[in-house]
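Chain identifiers are assigned alphabetically (A, B, ...) following the order of the sequence lines, protein sequences preceding nucleic acid strands; residue numbering begins at 1 within each chain.
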Protein chains: 2
Amino acid sequence: MTILASSPLRAHSIGEIALFARAEFEKRIEDARSAMTRYRLDAIVLTSEANIEYLAGFETQFAWNTPSRPWYFVVPRAGSPIAIIPEIGETNWLLTSWCQNIVTWPSPRPHDEGISILTQHLGQVGRSYGRIGFEIGPESRIGMPVSDVFRLQAAIGGEMVDCTLLMAELRVLKSAAEISRIRHICQIAGQTFDDLPSFVNVGDSEREICRKFAADLLLKGADKAPYTSIGSGQGGYDSIIMGPTNRRVAVGDVLMLDTGARYGGYFCDFDRNFSFGRPTDEVLRVNEALWLATEAGIQAARPGRTAADVFTAQATVLSRYGFDIGNVGRFGHGLGKVLTEPPSNAPSDKTVLKPGMVLTIEPSASFGDGRIMAHEEDLVITEDAADLLTPRADREIVVIA
Amino acid sequence: MTILASSPLRAHSIGEIALFARAEFEKRIEDARSAMTRYRLDAIVLTSEANIEYLAGFETQFAWNTPSRPWYFVVPRAGSPIAIIPEIGETNWLLTSWCQNIVTWPSPRPHDEGISILTQHLGQVGRSYGRIGFEIGPESRIGMPVSDVFRLQAAIGGEMVDCTLLMAELRVLKSAAEISRIRHICQIAGQTFDDLPSFVNVGDSEREICRKFAADLLLKGADKAPYTSIGSGQGGYDSIIMGPTNRRVAVGDVLMLDTGARYGGYFCDFDRNFSFGRPTDEVLRVNEALWLATEAGIQAARPGRTAADVFTAQATVLSRYGFDIGNVGRFGHGLGKVLTEPPSNAPSDKTVLKPGMVLTIEPSASFGDGRIMAHEEDLVITEDAADLLTPRADREIVVIA
């Protein structure tokens, strides 16, 4: 792998954003409790990275990289929240979370990974509704073994219902502090995309390009670059979600990189396209249609409109150019602590947009013999026109000579 | 962030390992079917990254970074395996998996994310036992919403039982091709640790160090560096699992970096300690005890001995030095497609070691006022003495002047 002397890999990080204020977490907990009343829940039991970090402020890489030990954060509708966590995590929890109320168990302990403690605490929660919320609904991944879910279900003496939608409802409206983190990581990735022509060369493999791309994101200040998908091919690529292959880029290729990079627990998610040498007329036409579709999506992203409207605005431009809608199923989605969050910019999603929602605008067009191209930008809904969080892509595709 | 002119960030990648042969997957499927007979299962339904990748060869970043869409790989005890996946993943699946038998649905489709297709296919599976395996057991995280597990449970007309243990049993014995990938990523990380003194400086924050460390891993050929924990402090640190903080390293600090980096779907997991300036006598003594405990663990890691024996060998050395066992709960664990896999080197784990098992040897010692230090190496059990996959740490702690 060759890195040029003028490599952006020597670039300086662009600084750190302030930590969340205590008041930010107090408001989140208060909002969660109001929502629990509305959803008729006595408590919620959180097990996933995004939801625990959102309400407790607990920051760790460990818990989410090893499935050996589960981690529980219980927020009752009334009374103190409590963390029920493996003993190994005590220091990490106390140093990063506002919640200092914790119980631990020595883990790994396969026959009882916190379940008896959790059952006992849920037994002490005040019962108004006889319902406890767990992350079991749409787009959820619970952070514990399902066999333990079954055991808890039998033990807690109440109804186990979903709290994924409740949490999504809280998380969909971003605070100013959250938006500044998303904007920060969008700016970092924007700089990496700007510098990319200086460190990617004809002959590089997709794998090499992804590694240099991710390394540059880190050196510019991203905490992590978990998602770096890439597509390359003559006059277009054939997938917008694939990981890197050993294919080497050549003159005549279109290259697309899409990044879900992370800063302070928040993601950016956008892509850029590059042409190695002069693009074909077909590529120019697809690129123009996608750029205009993105413009239309940005224009449509206003309070009172729906996620479906944002889809339709993009689809209308693409149909005018005669392009197939493709198999992606949507033209963008919510974005925040997870790379993809509700809503979906899709015909069936009638979510009404409100100030503070962060969306990707992501039109894709299928053409030719199984080829596809996509554009993507991130924005936040405001009272008026959307506020773009990503530096807007040039209208003309960037050419790497 | 300052990067020296002689920075290892300009280093060249150390090449690529060959793809798995078709025969490797045929053997895995054959072994899975034998295990299904032993466990009395008519089929297994896989949803997690490690297990789908292991049996189907499907490689993707997308599926595991967004929870919007679940992915299913069904292996019946008799008959053809089938992938039931979102339409957006068709190209990615067909280009990376040996299994070309797929069914797709247009996703996101919140009211039916593949569940009706999955139910239908499971209805057609030959029934000998009336039991279907799902990833619900110890240390599992299922890759689908639990509400869909409940729906399936009601629909499939048979017992839903665990297949996590079955899959762990298959995966615990690594093939030569798997071991070469783990060795490869261990060597990459070893080079990064060797070069670390040239790119880490007094005054760097833990966050900056982690970013440079991860970037260097990528540029040397790691695919991903999802886990980069760090500890720093005067004469020792206070956690071996924490993510980076804004703390800046100073003369008199001990710095520990632990990496779960990934190549070709396999992890390394080991750490190194560094002293900024001359280490204290206490640090030297802890370091010596940990190095000797690791030696003892390596010596004990032989076929016929148990994971508990590997724990005891390490603990015996540490007790001789008068150190507390600490709150980690084990002194190493299995390693492979996941950062931590069974077995646990813990008193209660009587797993008998066999050639092909890959283990970490990871003693940790608590001392002073809440301080801890840890060492870690990775090895593979052979017919005779264990084969070290990591370049063995120097006996003396590395000093950064």
For [X], is it the side chain, the backbone, both, or neither that has a heavy atom closer than 4.5 Å to a heavy atom of chain B?
{"X": "A/M144", "value": "backbone"}
{"X": "A/I372", "value": "neither"}
{"X": "A/D258", "value": "neither"}
{"X": "A/A225", "value": "backbone"}
{"X": "A/N92", "value": "both"}
{"X": "A/P70", "value": "both"}
{"X": "A/P106", "value": "neither"}

Side chain, backbone, both or neither: which part of [X] has an atom under 4.5 Å from a heavy atom of chain A?
{"X": "B/A222", "answer": "backbone"}
{"X": "B/D223", "answer": "both"}
{"X": "B/T245", "answer": "neither"}

Self-check item: For chain A, the option from B/M242, B/E87, B/H111 that forms the most heavy-atom pairs under 4.5 Å
Solution: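 The residue among B/M242, B/E87, B/H111 with the greatest pair count is B/M242.
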Exercise. Output the option from B/V338, B/L339, B/I241, B/T96 having the highest count of non-hydrogen pairs under 4.5 Å with chain A.
Key: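 That would be B/I241.
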Heavy-atom pairs under 4.5 Å with chain B, option from [options] with the top count:
{"options": "A/E90, A/E113, A/K224, A/E135", "answer": "A/K224"}
{"options": "A/D238, A/I142, A/D269", "answer": "A/D238"}
{"options": "A/A346, A/A214, A/G243, A/G143", "answer": "A/G143"}
{"options": "A/P86, A/S68, A/G329", "answer": "A/S68"}
{"options": "A/P138, A/P108, A/S239", "answer": "A/P108"}

Exercise. Tell me, yes or no, whether the heavy-atom count around A/D369 atom CG, taken from other residues, nucleotides or ligands under 6.0 Å, exceeds 12.
Key: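 It does not: A/D369 CG has 12 such atoms or fewer within range.
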Self-check item: Six-ring centre of A/Y263, B/R211 cation under 6.0 angstrom, axis tolerance 45°
Solution: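 Not flagged: B/R211 not positioned over aromatic ring of A/Y263.
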Mind checking the [atom1]-[atom2] spacing from [X] to [Y]? Nearest 0.5 Å is all I need.
{"X": "A/E208", "Y": "B/L219", "atom1": "CD", "atom2": "CG", "value": "11.0 Å"}
{"X": "A/N65", "Y": "B/F267", "atom1": "CG", "atom2": "CZ", "value": "6.0 Å"}
{"X": "B/R109", "Y": "A/S344", "atom1": "CZ", "atom2": "OG", "value": "13.5 Å"}
{"X": "B/T91", "Y": "A/I240", "atom1": "OG1", "atom2": "CD1", "value": "10.0 Å"}
{"X": "A/S107", "Y": "B/R330", "atom1": "OG", "atom2": "CZ", "value": "7.5 Å"}

Quiz prompt | Sub-4.5 Å side-chain heavy-atom contact between A/P244 and B/Q61 | solution =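 Side-chain contact under 4.5 Å: yes.
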Quiz item: Does any non-hydrogen side-chain atom of A/V149 lie less than 4.5 Å from one of B/F150?
Solution: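 They are in side-chain contact.
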Closest non-hydrogen atom pair, [X] against [Y]:
{"X": "B/G137", "Y": "A/P145", "answer": "O-CB, 3.3 Å"}
{"X": "A/A215", "Y": "B/L218", "answer": "N-CD1, 3.6 Å"}
{"X": "B/V146", "Y": "A/V146", "answer": "CG2-CG2, 4.3 Å"}
{"X": "B/R141", "Y": "A/P67", "answer": "NH2-O, 3.2 Å"}

Quiz item: Does a donor on one side chain sit under 3.5 Å from an acceptor on the other, for B/T340 and A/T66?
Solution: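 Looking only at side-chain atoms, A/T66 and B/T340 do form a donor-acceptor pair, the distance falling under 3.5 Å.
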